[in-house]
Amino acid sequence: MIRTRPREPGVQAPPANLTRRVLTSRQTRLGLIMLLTMIAFAVVGPFLAPHSPTAVLAKPYAPPGDGLLLGADSLGRDIVSRILSGGANLTWMAVVATSGGVILGTAIGLVAAFAGGVVDTILMRLVDVLLTFPTIIMAILFISMLGPNRVILVVLVAIGLTPGMARVMRGAARPVMRREHVMWARTVGLSSRHILMREVLPSVTSPLMVEIGLRLMWSVVGLASLSFLGFGVQPPASDWGLMVSENKDGLAIQPLAVIIPAACVALFTIGGNLFAEGAARVIGRTEGARS
């Protein structure tokens, strides 16, 4: 007798159809365009900088002119060149930290929901312990001991994103474990890895897509905040958060050195927020119509 996999009407839409629905929303398209634009700006910007971002070319806080389109910063460096070069580190660090936190948190959440019992309890208590430490404070503590290092920053931010991600994915996966197709897969003896990757993960695509946008936004804000506080990217490297910190004392004299990098960070985070919120609305309407 051939065993056939049951079809469950309540199973979530395939990822391709879900992605198509999400991208029909103006809000998600706007958020995605903003995100991709800022990422492209950060990647291409260093190649378009007219001067070295560390070269002193004028007096501190010099106004626009003499070949400096936006003037000079607190040390006389070209603001345009530092803005164009300042997003590269933030972008790759935020993307890598978000990817690490999402992958680790999703793995913990799915394993906890799948295993249940003692394994679930232990994993969730470890997650609770991590949740008691704010990401910024934990990062400052370790950087103070180990020194400012970009790899350490990425690892710390990824760890800080993991607990919340694990809890969200565990909550999304627990109802899926009671669905017929998952129970059938367990009954016929399919491997745990197959069940998690092929049966459970596709059914939690909705919260996963939303969380990726939110975690990316939090990574950008966290990394920029650490640079502003002096625990992130170190001088003389260019970084948007570091630029705000370096030039804040001259805000009344040369506001462009603070406003423009702050606006870059804001656009990055707003784009992620628009995408995540728009995706959540579309997915909520889809699930409501299906139920």
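Residue numbers count from 1 along this sequence.
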* Go through the steps to decide whether Leu201 and Leu208 satisfy the test side-chain contact (heavy atoms from CB on, under 4.5 Å), and finish with yes or no. => CA-CA 9 Å; Leu201 186 59; Leu208 182 60; 4.3 Å; yes

* To do: Dump the intermediate steps for salt bridge (charged side-chain N to carboxylate O under 4.0 Å, His left out) on Arg167 and Glu211, then the final yes or no.
  => CA-CA 11 Å; Arg167 281 214 163 272; Glu211 288 299 313; over 6 Å; no

* Asked: Given the rule in the side-chain contact (heavy atoms from CB on, under 4.5 Å) test, do His51 and Leu57 qualify, once you have shown the distances and angles that lead to the verdict?
  -> CA-CA 9 Å; His51 305 285; Leu57 303 173; 3.4 Å; yes

* **Residue pair Asp73, Gln254: steps toward the side-chain contact (heavy atoms from CB on, under 4.5 Å) verdict** => CA-CA 7 Å; Asp73 69 356; Gln254 177 52 289; over 6 Å; no

* To do: Please lay out, stage by stage, how Met183 and Glu180 fare under the test side-chain contact (heavy atoms from CB on, under 4.5 Å).
  => CA-CA 5 Å; Met183 296 174 65; Glu180 290 183 9; 5.7 Å; no

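Under a hydrophobic clustering in which Ile, Leu, Val, Met, Phe, Trp and Tyr are joined whenever their side-chain heavy atoms come within less than 4.5 Å, directly or via other members, Leu104 and Ile122 fall into different clusters. Both Phe231 and Leu153 sit in one connected hydrophobic cluster of ILVMFWY residues. Membership requires side-chain heavy atoms under 4.5 Å apart, directly or through other members. In the hydrophobic clustering of this structure, Leu70 groups with Leu48; members are Ile, Leu, Val, Met, Phe, Trp, Tyr whose side-chain heavy atoms approach within less than 4.5 Å, directly or through other members. No path of Ile, Leu, Val, Met, Phe, Trp and Tyr side chains, each step under 4.5 Å between heavy atoms, connects Leu256 with Ile253, placing them in separate hydrophobic clusters. Each of Trp92 and Val221 belongs to its own hydrophobic cluster when Ile, Leu, Val, Met, Phe, Trp and Tyr are linked at side-chain heavy-atom distances under 4.5 angstrom.
Residue Asp128 places its CG atom among more than 12 non-hydrogen atoms of other residues, nucleotides or ligands, all under 6.0 Å distant. Within a 6.0 Å radius of CZ in Phe41, other residues, nucleotides and ligands contribute more than 12 heavy atoms. The environment of Arg174 atom CZ is sparse: at most 12 non-hydrogen atoms of other residues, nucleotides or ligands sit within 6.0 angstrom. Remark: Lys59 NZ is loosely packed, at most 12 non-hydrogen atoms of other residues, nucleotides or ligands lying under 6.0 Å away.
What you find for Leu110 and Leu196 is that their closest heavy atoms are O-CD2, 3.8 Å. Residues Val154 and Val96 come closest through the heavy atom pair CG1-CG1, 3.6 Å. Contact detail for Ala172 and Pro207: the closest heavy-atom pair is CB-CG, 3.6 Å. Taking every heavy atom of both residues into account, Leu274 and Gly31 meet most closely at CB-CA, 3.8 Å. Nearest approach of Gly232 to Pro148, heavy atoms of both residues: O-CB, 4.0 Å. In plain terms, the two heavy atoms of Leu130 and Pro163 that are nearest each other are CB-CG, 3.4 Å.
Taken to the nearest 0.5 Å, the CE atom of Met93 stands 11.5 Å off from the OG1 atom of Thr98. Rounded to the nearest 0.5 angstrom, Leu84 CG and Ser238 OG are separated by 9.5 Å. We find the CZ-CG distance between Phe228 and Leu223 to be 15.0 Å, quoted to the nearest 0.5 Å. The CG atom of Leu32 sits 12.5 Å away from atom CD of Gln27, with the distance rounded to the nearest 0.5 Å. Rounding to the nearest 0.5 angstrom, the gap separating the CE atom in Met34 from the CD1 atom in Ile39 is 12.0 Å. Atom SG of Cys264 and atom CE of Met243 lie 8.5 Å apart (nearest 0.5 Å).
Judged by distance alone, the side chain of Asp78 and the main-chain N or O of Leu68 form no donor-acceptor pair under 3.5 Å. Checked by atom type and distance alone, the side chain of Thr135 never pairs as donor or acceptor with a backbone atom of Val157 at under 3.5 Å. Side-chain atoms of Thr162 come within 3.5 Å of backbone N or O of Ala158 as a donor-acceptor pair. For Thr269 (side chain) and Ala266 (main-chain N/O), a donor-acceptor pair under 3.5 Å exists by modelled atom type. With Trp240 contributing its side chain and Ile83 its backbone, the two residues share a donor-acceptor pair below 3.5 Å. With Asn247 contributing its side chain and Gly250 its backbone, the two residues share no donor-acceptor pair below 3.5 Å.
The pair Glu199-Arg186 does not meet the salt-bridge criterion, since no charged nitrogen lies less than 4.0 angstrom from a carboxylate oxygen.
Contact annotation: the side chain of Ser144 approaches that of Ile140 to within less than 4.5 Å [non-hydrogen atoms, C-beta and beyond]. The shortest side-chain heavy-atom distance between Phe275 and Met217 does not fall under the 4.5 Å cut-off. The closest side-chain heavy-atom distance from Ser225 to Ile136 is below 4.5 Å. Between Leu156 and Leu226, the closest side-chain pair of non-hydrogen atoms is not below 4.5 Å. You'll find the side chain of Val102 stays beyond 4.5 Å of the side chain of Leu161, heavy atoms only. No side-chain heavy atom of Ile143 sits less than 4.5 Å from a side-chain heavy atom of Asn149. Residues Arg82 and Glu246 meet the side-chain proximity criterion, which asks for heavy atoms closer than 4.5 Å. Here the side chains of Arg125 and Val129 are not in contact, with every heavy-atom distance at 4.5 Å or above.
Checked options Leu214, Ile103, Thr106; the residue passing with Met165 is Thr106 (criterion: side-chain contact (heavy atoms from CB on, under 4.5 Å)).
Figure legend: cation-pi geometry between Arg170 and Phe114 absent, as NZ or CZ is not positioned both under 6.0 Å from the six-membered ring centre and within 45° of its axis.
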